[in-house]
Amino acid sequence: MTEAYHTPVLVEEVVHWLEPQRGGLYLDGTLGGGGHSEAILEAGSEARVLGVDRDPEALGAAERRLAEYGDRFETRAGDYGVVAERLEVELAGALLDLGVSSHQIDALERGFTFREGAPLDMRMGREGPSAADVLNEYEEAELVRVLREYGEEPRAWPVVRRIVARRRSEPFRVSDDLVAVLEDVYGPRLSPQDKARVFQALRIEVNDELTSLDRALPALRDALEPGGVFVVIAYHSLEDRRVKNAFREWSRSCICPPDLPVCQCRGEPLGETLTRKIVRPSEAEIERNPRARSARLRAWRKAA
């Protein structure tokens, strides 16, 4: 499934849990280059896929790749959380492969990397404020919030103080500007992981990623047909924790407060969690695609 635009992760596992051989409509909420969609279409001759992405480059790449499937494959531009809330169809399955595509990381001009000379952009679509705008315009307290909540950055205040001091004389434009700040705070002990935390925090803020996930989780659950399956691949704990907690709550028969003497909630589970433990890539897959290392898959089935 490796291709020029993006190498999808856990493809066999996605197909296993979604069971596209059952047929029906599947939503690929984070289309990327279309690798997962292709696997679903190949595995189920009666399966159809609606692919969603906010990145026009991803939509174009997937449309070209999957043109042979005709009307079994269609695309929709937009944030998957917004699209999920507006769905008026029933789904046999839904997939969210969260995070950033290989193409977005590798294309220096997209600014998803801390490699030298990358513009501080990070927008998955082409609209809205960039990472540079966040660094140059946010109030100090807001920047601290971003780094703490989305990057779990232990030195948020020292980093932000230096950001604010620098932008008084020169605005942030490229990755080198932000890396210089981090080098000033961390000194020679600055690691790639330290850089990744801060860049991740900015990316999540720029694309409002966690809000998209919070909107999509209940919307896609409700859009599933009875027996439909929901698969999510997350890449960091902020995403995975939301998915784990949602699947766990939906699988409980009672969600009333423990001190309530009589159950007053739904009284039955909405479905069952299929993956009791997170599913991770094999060592062989990680060797082929090192970017798969942090992937964590969870699956849930709606009650029939």
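From a predicted model like this one, the values you see are computed outputs, not experimental measurements.
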If we count only N and O atoms by modelled type, under 3.5 Å, do the side chains of [X] and [Y] hold a donor and an acceptor together?
| X | Y | answer |
| --- | --- | --- |
| S130 | D121 | no |
| D79 | S212 | yes |
| T75 | E63 | yes |
| T211 | D208 | yes |

task = Enter the distance from Y186:OH to S191:OG here, rounded to the nearest 0.5 Å.
result = 7.5 Å

query = Do you know which of T275, D240, T273 makes side chain to side chain donor-acceptor pair (under 3.5 Å) with R298?
reply = D240

Is the backbone of [Y] close enough, under 3.5 Å, to the side chain of [X] for a donor and an acceptor to pair up by distance?
| X | Y | value |
| --- | --- | --- |
| E285 | L10 | yes |
| K195 | F114 | no |
| R72 | R48 | no |
| R115 | G111 | no |
| N207 | M124 | yes |

Evaluate the side-chain proximity of [Y] to [X]: yes if any heavy-atom separation is below 4.5 Å, no if none is.
| X | Y | result |
| --- | --- | --- |
| Y138 | D133 | no |
| E239 | E209 | yes |
| V179 | E183 | yes |
| P129 | R123 | no |
| Q200 | H236 | yes |

key: Non-neighbouring partners of R296 that pass side chain to side chain donor-acceptor pair (under 3.5 Å), sequence neighbours left out   = none

query = Can you name the nearest heavy-atom pair linking L59 to R76, along with the distance?
reply = CD2-O, 4.0 Å

query = Salt bridge between E249 and R252, side-chain N to carboxylate O under 4.0 Å?
reply = no

query = Quick one: do D55 and R110 make a salt bridge, cutoff under 4.0 Å?
reply = yes

task = Among Ile, Leu, Val, Met, Phe, Trp and Tyr joined by side-chain contacts under 4.5 Å, find the other residues sharing a cluster with V82 and list them by chain and number.
result = none

task = Share the residues that join L27 in a hydrophobic cluster, the rule being Ile, Leu, Val, Met, Phe, Trp or Tyr side chains under 4.5 Å apart at the heavy-atom level.
result = L25, L50, V52, Y80, V83, L87, V89, L91, L96, L98, L213, L217, L220, L224, F230, V232, V243, F247, W250, L270, W300

inquiry  = Does T7 form a side-chain hydrogen bond (donor to acceptor under 3.5 Å, both in side chains) with N289? I'd like the steps, not just the answer.
reply    = CA-CA 8 Å; T7 303; N289 178 19; 5.0 Å; no

